[in-house]
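Just so it is clear: chains get the letters A, B, ... in the order the sequence lines come, proteins before strands, and each one is counted from 1. A quick note: this is a predicted structure, and the numbers were derived from the prediction, not measured. Atoms considered below: every heavy atom in the structure, side chains included; atoms not considered: hydrogens, waters and symmetry mates.
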Amino acid sequence: MNGAHDLGGMDGLGPIDYEVDEPVFHAEWERRVFALTVAMGFYGAWNIDMSRHARERTPAAEYLSSSYYEIWLSGLERLLDEDGLLTRAEIDARVTALRTEES
Amino acid sequence: MSKHRHTEPPSDLVLRVKALESLLLEKGLVDAAALDILIDTYENKVGPRNGAKVVARAWADPAYKTRLLADATTAIAEFGFVGRQGEDMLVVENTPGIHNLTVCTLCSCYPWPVLGLPPVWYKAAPYRSRAVHDPRGVLREFGLELPEDVEIRVWDSTAELRYLVLPERPTGTESFSEDELASLVTRDAMIGVAKATAPDGTAGANT
């Protein structure tokens, strides 16, 4: 399937943005998304190709404007939802509950 | 993509990740201790120092280099560097006439056991899009100007097969120990966007 992820040969995407002494993660939420994604990979409900395909089904405009771990989050939510392991509605409800707690 | 690099993410995103993690823990789909181990492993334990040891041995030991080029996965496993995203490895050797460059145009495939997790630029659109059709221009952007008669080979990684570049050994390192050699091998040299560091500390002085 082609799509926004199929970037080889595309022009107009700007200069390479190199960061000297780059840290492995740039924020705590990135650590969490990385670990959750890899851990759910070990759980075994899907394989690496299914994970990639789930990320690649992120809508094109969203894909190109998202950071790397935002795309991972999008893919993980999609797989969990499609597998019936955790629905987006459950996540939405928990977000609302957490927001109420924090405010 | 730089707008995402250092900026604090919106609190919506942080909350969403928190919500996701709490639900997965409650459902018993992930284990809290396992998450900590994963993060510690890839943030602190696995990284390009692993790959540098492999390269240094290949420079110092011709028999090892032969094994590495013939069956990289097995030769790298001699160091215990095995696991996710390194299940099938190919090492490509730079020579005076050939320079190798690795990319993953579709996503972010990268040899985790020897290089750790990839830097943001490797996963971002500018490098992924241009490495395959303007490698010389891309290398120039990294400060590496190759003579026109050097052939550039670009290797597009897949989920199955991942590449490690074996850089040229810098001149003036004949008396170096393996540890000293390893200190000259950078992450960027093993991706192919730089040369190994010269003994005097300058990059690319062996061109």
Side-chain angles (χ1 to χ4, degrees), chain A residues 4-19 22-36 38-43 45 47-49 51-52 55-56 64-71 73 76-77 80 85-86 90-99 102, chain B residues 1-6 8-9 11-24 27 29-31 34-39 42-44 47 84-85 103 105-109 116-121 123-134 138 141-142 156 159-160 188 193:
Chain A
H5 64 281
D6 196 357
L7 288 166
M10 204 180 282
D11 286 313
L13 290 165
I16 293 156
D17 188 11
Y18 189 92
E19 183 181 359
E22 182 179 330
V24 177
F25 299 105
H26 290 82
E28 178 59 19
W29 71 268
E30 291 191 351
R31 286 188 187 87
R32 309 323 296 178
V33 169
F34 167 77
L36 291 169
V38 176
M40 283 309 301
F42 285 126
Y43 180 78
N47 63 29
I48 188 172
D49 300 310
S51 296
R52 271 191 44 200
R55 284 171 216 148
E56 290 166 1
L64 287 172
S65 61
S66 296
S67 73
Y68 184 69
Y69 285 112
E70 285 173 342
I71 295 171
L73 176 63
L76 180 56
E77 283 193 32
L80 288 165
L85 291 170
L86 178 64
E90 285 176 89
I91 304 174
D92 290 342
R94 180 58 59 92
V95 169
T96 306
L98 286 174
R99 187 172 284 127
E102 288 190 6
Chain B
M1 308 276 145
S2 61
K3 66 185 162 128
H4 291 291
R5 207 174 67 187
H6 298 294
E8 286 301 311
S11 64
D12 280 1
L13 178 55
V14 171
L15 269 184
R16 194 153 190 93
V17 174
K18 207 174 271 184
L20 177 64
E21 179 169 358
S22 65
L23 287 162
L24 291 176
K27 287 173 182 273
L29 292 168
V30 297
D31 175 73
L35 297 178
D36 290 342
I37 290 170
L38 278 168
I39 292 166
Y42 288 102
E43 188 158 29
N44 302 313
R84 283 183 70 81
Q85 307 235 12
V103 63
T105 62
L106 290 172
C107 187
S108 54
C109 288
L117 300 180
V120 169
W121 60 260
K123 305 179 285 194
Y127 182 74
R128 284 163 53 191
S129 59
R130 273 193 292 125
V132 284
H133 84 126
D134 181 23
V138 163
E141 226 167 296
F142 280 92
D156 195 356
E160 283 77 39
D188 290 356
V193 295

Proximal component of B:Lys18, with respect to chain A [non-hydrogen, under 4.5 Å]: both
Counting only non-hydrogen atoms closer than 4.5 Å, does B:Phe142 touch chain A with its backbone (N, CA, C, O), its side chain (CB onward), both, or neither? side chain
Residue from A:Leu7, A:Ile16, A:Asp6 passing side chain to side chain contact (heavy atoms under 4.5 Å, CB included) with B:Arg128: A:Leu7
Considering only heavy atoms, which portion of B:Leu117 lies under 4.5 Å from any heavy atom of chain A: side chain, backbone, both, or neither? side chain
Contact part of B:Asp36 toward chain A, heavy-atom cut-off under 4.5 Å: side chain, backbone, both or neither? side chain
Distance col, row B:Glu21:CD vs A:Arg31:CZ, nearest 0.5 angstrom, shows 12.5 Å
Check A:Phe42 against B:Leu38 and note the closest heavy-atom contact, atom names and distance. CE1-CD2, 4.2 Å
Less than 4.5 Å to any heavy atom of chain B: does that hold for the side chain of A:Ile71, its backbone, both, or neither? neither
Output for pair (A:Asp11 CG, B:Arg130 CZ), nearest 0.5 Å, gives 8.5 Å
Hey, could you give me the NE2/OG distance between A:His5 and B:Ser108, rounded to the nearest 0.5 Å? 12.0 Å
Side-chain contact test, heavy atoms from C-beta onward, threshold under 4.5 Å: evaluate it for B:Glu160 versus A:Asp49 and give yes or no. yes
Heavy-atom pair of closest approach, residues A:Ile91 and B:Leu23: CA-CD1, 3.8 Å
Any idea which heavy atoms bring A:Trp29 and B:Val14 closest together, and the distance? CD1-CG2, 4.2 Å
Can you confirm whether B:Asp12 sits close enough to A:Arg99 that some side-chain heavy atom of one is under 4.5 Å from a side-chain heavy atom of the other? yes
In Å and rounded to the nearest 0.5 Å, what is the CZ to CZ distance from B:Arg16 to A:Arg94? 12.5 Å
So, the part of B:Glu141 with a heavy atom under 4.5 Å from chain A: the answer is side chain
Checking B:Ala159 against chain A: side chain, backbone, both or neither under 4.5 Å from a heavy atom? both
CA sep, side-chain torsions, deciding dist, call: B:Val193, A:Tyr18, side chain to side chain contact (heavy atoms under 4.5 Å, CB included): CA-CA 11 Å; B:Val193 295; A:Tyr18 189 92; 5.7 Å; no
If we ignore hydrogens and angles and just use 3.5 Å, is the side chain of A:Glu19 paired with the main-chain N or O of B:Val120 as donor and acceptor? no
CG of B:Leu20 to CZ of A:Arg32, rounded to nearest 0.5 Å, is 11.0 Å
Toward chain B, the part of A:Glu28 with a non-hydrogen atom under 4.5 Å: neither
Which pair of non-hydrogen atoms, one from A:Arg52 and one from B:Cys107, has the smallest distance, and what is that distance? NE-CB, 4.4 Å
A:Gly14 to B:Pro126 - nearest heavy-atom pair and separation: O-CB, 3.2 Å
Between the CZ atom in A:Phe34 and the CG atom in B:Leu35, the distance rounded to the nearest 0.5 Å is 10.5 Å
Heavy-atom pairs under 4.5 Å with chain B: which of A:Pro23, A:Ala4, A:Ala35 has the most? A:Ala35
Would you say the side chain of A:Leu73 lies within less than 4.5 Å of the side chain of B:Leu13, judging by non-hydrogen atoms? yes
Where on A:Ile48 is there a heavy atom nearer than 4.5 Å to chain B: the side chain, the backbone, both, or neither? side chain
Taking every non-hydrogen pair under 4.5 Å, which of B:Val132, B:Ile39, B:Asp156 racks up the most with chain A? B:Ile39
